[in-house]
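To keep things clear, I will list the structure first and then write my remarks on it.
Bear in mind the structure is a predicted one, so any value in this text is a computation, not a measurement.
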Amino acid sequence: MYLILQIPIQGHIQPVVFAILALAAGLFGYAAWRGTRFDVPDPAGPGSRVVVLRASPRTAPFRILLPVHNPATAEPLMRMAASIAKPRDGEITVLRVVQVPDQLPPEMARREIEGEAETLERLQALEGDLGVPVTTEVRVGRNVGRAILEARREDRSHLVILGWKGFTTTARQILGEVTDDVVRLARADIMLVRFGPDRTVPRRILLPSAGGVHARKAQGYALAMTEGGGGELTLAAVVPAGSPEGRRKEQEERLAEERAGLPEDASVETRLVAGPGVVEGIVGAAGDYDAVMVGASGDSFSQRILFGTIPERVAREAPGTVIVLKNHDRVRAFMGRVAAD
């Protein structure tokens, strides 16, 4: 930059313009390279590798990646994924990750791999009942989050569904170590599911929304789940108790616009929910439904804001199933990765 600034002293303007353009092109090229890099939570360590794969015979236009950790929730999560995939002519990839400690070679996990393969065989047997193609995959790796991210990249999945306990007791982590990594780095929509006592596909879903991009994307997924079982989707807006009539009217008009954007023959209602606060209103209305589905709290690239206090408090306090949806926007995510560097 110093040398460029010296050129005009001699009266040569054209080299300055070329130099500035070259500098700008270099900065843009670096930003483009940085924005397309594949980020992993443990870049220094070795990547995961596929050790068992039973692939579906066809490639679907819409793919869901379902990492399975808790066998008790594996089948209900598969049924939920199938309700979303079926109307999109999609398929499901069920993933199990065998984590190997740094001190041991991957070959030492042979017994665990055999056990995981048997578990996935039982899940793949549900393919005929679900009505969607199912691929099962076992990976061995040092880092579970990295293995999930690598599976998503190779499969080019559009949606990743994760079971979620609804909170974390570790202050450093927002959602849990593995979930944090996947939510922060996966280039796909993310759906977190915290089941209530009834581990079934929800048919009556309450979807409170303030009009954000995450909630708008959640509408399509929620509608697929409710329509598949003859259920109903309720679009809701929380209006604090004592709000003026103008505020209520404004929210009614916004809900009407959102309803108009959905298929006319879909079973969708709108509802105003009153309460002292947003969370209190949602939790108070949740008992009337099988599940509450909320969008991530905002468009920030910060995961603490992305999954803010409202979804976490709803997951803690709501009595039934809670689903949190984070929409992946390619342009916004690209700019976020460039800005982060």
Taking the side chain as everything from C-beta on, heavy atoms only, tell me whether Val160 gets closer than 4.5 Å to Val183. no

Could you walk me through whether Leu235 and Leu262 pass the side-chain contact (heavy atoms from CB on, under 4.5 Å) test, one step at a time?
CA-CA 11 Å; Leu235 303 178; Leu262 297 175; 4.0 Å; yes

query: Can Glu250 and Arg247 be counted as an ion pair, charged N to O under 4.0 angstrom?
result: yes

d(Ile92 CD1, Leu130 CG) to nearest 0.5 Å is 6.0 Å

Heavy-atom check, side chain of Tyr221 versus side chain of Asp189, under 4.5 Å:
yes

On a heavy-atom basis, the closest approach of Leu65 and Ile148 is CD2-O, 3.8 Å

| Non-hydrogen side-chain atoms of Glu127 and Pro133 separated by less than 4.5 Å | yes

Side chains of Thr226 and Glu232: do they bring a donor and an acceptor to under 3.5 Å? no

* Got a salt bridge between Arg79 and Glu75, using NZ or NE/NH1/NH2 to carboxylate O under 4.0 Å? -> yes

### Ionic contact status for Arg139 with Glu154, cut-off 4.0 Å
yes

Checklist entry - Do Ile323 and Met191 touch side chain to side chain, with heavy atoms closer than 4.5 Å? => result yes

- Task: Without swapping roles, check the side chain of Arg49 against the backbone of Gly141 for a donor-acceptor pair under 3.5 Å.
- Result: no

Quick check: do Asp290 and Ile205 have side-chain heavy atoms less than 4.5 Å from each other?
no

*asked:* For a quick check under 3.5 Å, do Arg216 and Gln219 share a side-chain donor-acceptor pair by atom type?
replied: no

For Arg199 and Pro76 the tightest heavy-atom approach is O-CB, 3.4 Å

Query raised in the report: Could you go step by step and tell me if Trp164 and Val193 meet the side-chain contact (heavy atoms from CB on, under 4.5 Å) rule?
Result: CA-CA 5 Å; Trp164 182 38; Val193 181; 6.0 Å; no

Exercise. Distance-only, no hydrogens or angles: does the His214 side chain make a donor-acceptor pair with backbone N or O of Asn327 under 3.5 Å?
Worked result: yes

Rounded to the nearest 0.5 angstrom, the CZ-CZ distance for Arg254 and Arg259 is 15.0 Å

Shortest non-hydrogen pair, Ala60 vs Asp89, comes out as CB-O, 3.4 Å

Minimal heavy-atom distance between Ser209 and Ala215, with the atoms involved, is OG-CB, 3.5 Å

When the ring planes of Phe62 and His158 are compared, do they come out parallel, tilted or perpendicular, using 30° and 60° as the limits?
-> parallel

What one should report as the nearest heavy-atom pair of Ser83 and Val201 is OG-CG1, 4.0 Å

Legend entry - Close side-chain approach of Pro67 to Arg96, heavy-atom, < 4.5 Å: no

When rounded to the nearest 0.5 Å, the distance separating CG of Leu95 from NE2 of His69 is 12.5 Å

TODO: Check step by step if side-chain hydrogen bond (donor to acceptor under 3.5 Å, both in side chains) holds for Arg248 and Gln251.
DONE: CA-CA 5 Å; Arg248 296 176 60 87; Gln251 293 300 316; over 6 Å; no

For Glu116 and Val138, indicate whether the former's side chain and the latter's backbone hold a donor-acceptor pair under 3.5 Å. no

*Leu66 side chain near Met78 side chain, heavy-atom distance below 4.5 Å*: yes

Go through the steps to decide whether Leu53 and Thr136 satisfy the test side-chain contact (heavy atoms from CB on, under 4.5 Å), and finish with yes or no. CA-CA 6 Å; Leu53 178 64; Thr136 57; over 6 Å; no

Rounding to 0.5 Å, atoms CZ (Arg204) and CD (Glu269) come to a distance of 8.0 Å

Closest non-hydrogen atoms of Ile84 and Ile161, given as atom of the first, atom of the second and distance, are CD1-CD1, 4.4 Å

Hey, does Thr321 have a side-chain heavy atom less than 4.5 Å from the side chain of Arg194?
no

Between the CG atom in Leu207 and the OH atom in Tyr289, the distance rounded to the nearest 0.5 Å is 11.0 Å

query = Counting N and O atoms only, with roles assigned by atom type, does the side chain of Glu137 sit under 3.5 Å from a partner on the main chain of Val52, one being a donor and the other an acceptor?
reply = no

Next on the checklist: Do the side chains of Asp181 and Arg184 get close enough for a salt bridge, i.e. N-O under 4.0 angstrom?
Outcome noted: yes

Taken to the nearest 0.5 Å, the spacing of Leu23 CG from Leu27 CG works out to 5.0 Å

Worksheet entry | Thr135 vs Glu91, side-chain contact (heavy atoms from CB on, under 4.5 Å): CA-CA, chis, key distance, verdict | CA-CA 8 Å; Thr135 292; Glu91 68 175 343; 4.1 Å; yes

Cationic N near anionic O, under 4.0 Å, Arg122 to Glu118: no

